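Residue numbers start at 1 and run along the sequence shown. Everything numeric here is computed off the predicted structure, so don't read it as measured data.
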Amino acid sequence: MKTSQDKLVSIAVLKARAGMREHLRRALQRLIAPTRREPGNLDYVLFELKEEPGTFYMREAFVSQTALDEHCATDYFQAFVREAEGLLAEPLRLIFLEEVSPSA
């Protein structure tokens, strides 16, 4: 992962509505490649909770709040937001993290 002093690291928690697990997975996977090409993106990795299929976690890191805001304004992310209402059992939750381990 690239590094930056002002980076924002977060975990997005997304729970699929009943019967929408695969639809949500595909919608999230469509975000990965274009997001990774954004100049302000440092990390964008999708996970699914083993004990709770249909609960996804997207680990995200951006160089700054501005880069995150620009990501949220992209056409492909806005398309996901419009689609997500029918896919999510509850609103997306974004958990911001602060790195406390020493840099490598």
Side-chain angles (χ1 to χ4, degrees):
M1 178 171 25
K2 304 171 217 169
T3 60
S4 173
Q5 277 188 300
D6 297 328
K7 72 180 175 182
L8 286 179
V9 178
S10 61
I11 303 286
V13 182
L14 305 106
K15 294 187 180 195
R17 189 179 294 255
M20 292 291 141
R21 176 183 176 207
E22 289 306 315
H23 293 285
L24 179 58
R25 177 196 310 268
R26 285 193 300 273
L28 290 167
Q29 288 174 329
R30 284 193 300 269
L31 293 173
I32 294 170
T35 300
R36 287 180 177 170
R37 287 191 296 268
E38 293 175 26
N41 179 258
L42 299 169
D43 188 43
Y44 207 71
V45 181
L46 181 63
F47 300 89
E48 184 174 16
L49 188 59
K50 283 185 177 186
E51 295 82 22
E52 196 177 314
T55 298
F56 296 93
Y57 292 83
M58 185 73 80
R59 186 181 69 205
E60 310 173 346
F62 291 88
V63 297
S64 65
Q65 181 64 54
T66 300
L68 175 58
D69 294 344
E70 289 171 355
H71 164 69
C72 291
T74 61
D75 290 342
Y76 48 88
F77 187 78
Q78 286 301 308
F80 171 76
V81 168
R82 289 187 297 276
E83 184 180 11
E85 185 176 326
L87 300 176
L88 297 176
E90 56 190 55
L92 177 151
R93 198 170 95 210
L94 195 57
I95 302 166
F96 286 95
L97 306 171
E98 183 174 337
E99 187 172 339
V100 295
S101 61
S103 298

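A 4.5 Å side-chain heavy-atom check between Leu87 and Arg17 finds every atom pair outside the cut-off. Under the 4.5 Å side-chain criterion, counting only non-hydrogen atoms from C-beta, Glu83 is not in contact with Leu24. You'll find the side chain of Arg59 reaches within 4.5 Å of the side chain of Phe47, heavy atoms only. Taking the side chain as every heavy atom from C-beta outward, Thr35 and Phe62 approach each other to under 4.5 Å. Looking at Glu70 and Glu38, their side chains never come closer than 4.5 Å, going by heavy atoms from C-beta outward.
Remark: Leu14 CG to Arg25 CZ distance equals 12.5 Å, nearest 0.5 Å. Rounded to the nearest 0.5 Å, atoms CG (Asp69) and OG1 (Thr74) are 11.5 Å apart. For the atom pair His23 NE2 and Leu28 CG, the distance stands at 13.0 Å (nearest 0.5 Å). Atom OG of Ser10 sits about 7.0 Å away from atom CG of Leu97, to the nearest 0.5 Å. Atom CG of Leu92 is separated from atom NZ of Lys15 by 12.0 Å, given to the nearest 0.5 angstrom. Atom CZ of Phe80 is separated from atom CG of Leu88 by 5.5 Å, given to the nearest 0.5 angstrom.
For the pair Ala73 and Gln78, the tightest heavy-atom approach, listed with the atom from each and the gap, is O-CG, 4.1 Å. The minimum heavy-atom distance between Ala16 and Ala89, with the atom names listed, is O-CB, 3.6 Å. Smallest separation of non-hydrogen atoms from Lys50 and Pro53: O-CD, 3.8 Å. The two residues Ala61 and Asn41 make their nearest non-hydrogen contact at O-ND2, 3.3 Å. Closest approach of Leu31 and Tyr76 over heavy atoms only: CD2-O, 3.7 Å. The two residues Leu8 and Gln65 come nearest to each other via the heavy atoms CD1-OE1, 3.2 Å.
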Candidate pair Leu94 and Glu60, rule side-chain contact (heavy atoms from CB on, under 4.5 Å), full reasoning: CA-CA 10 Å; Leu94 195 57; Glu60 310 173 346; 3.8 Å; yes
Residues Lys7, Val63; criterion side-chain contact (heavy atoms from CB on, under 4.5 Å); working and verdict: CA-CA 4 Å; Lys7 72 180 175 182; Val63 297; 5.6 Å; no
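The neighbour count for Glu85 CD, taken as heavy atoms of other residues, nucleotides or ligands under 6.0 Å away, does not exceed 12.
Relative ring orientation between His71 and Phe77 is described as tilted, the plane-to-plane angle lying within the 30° to 60° band.
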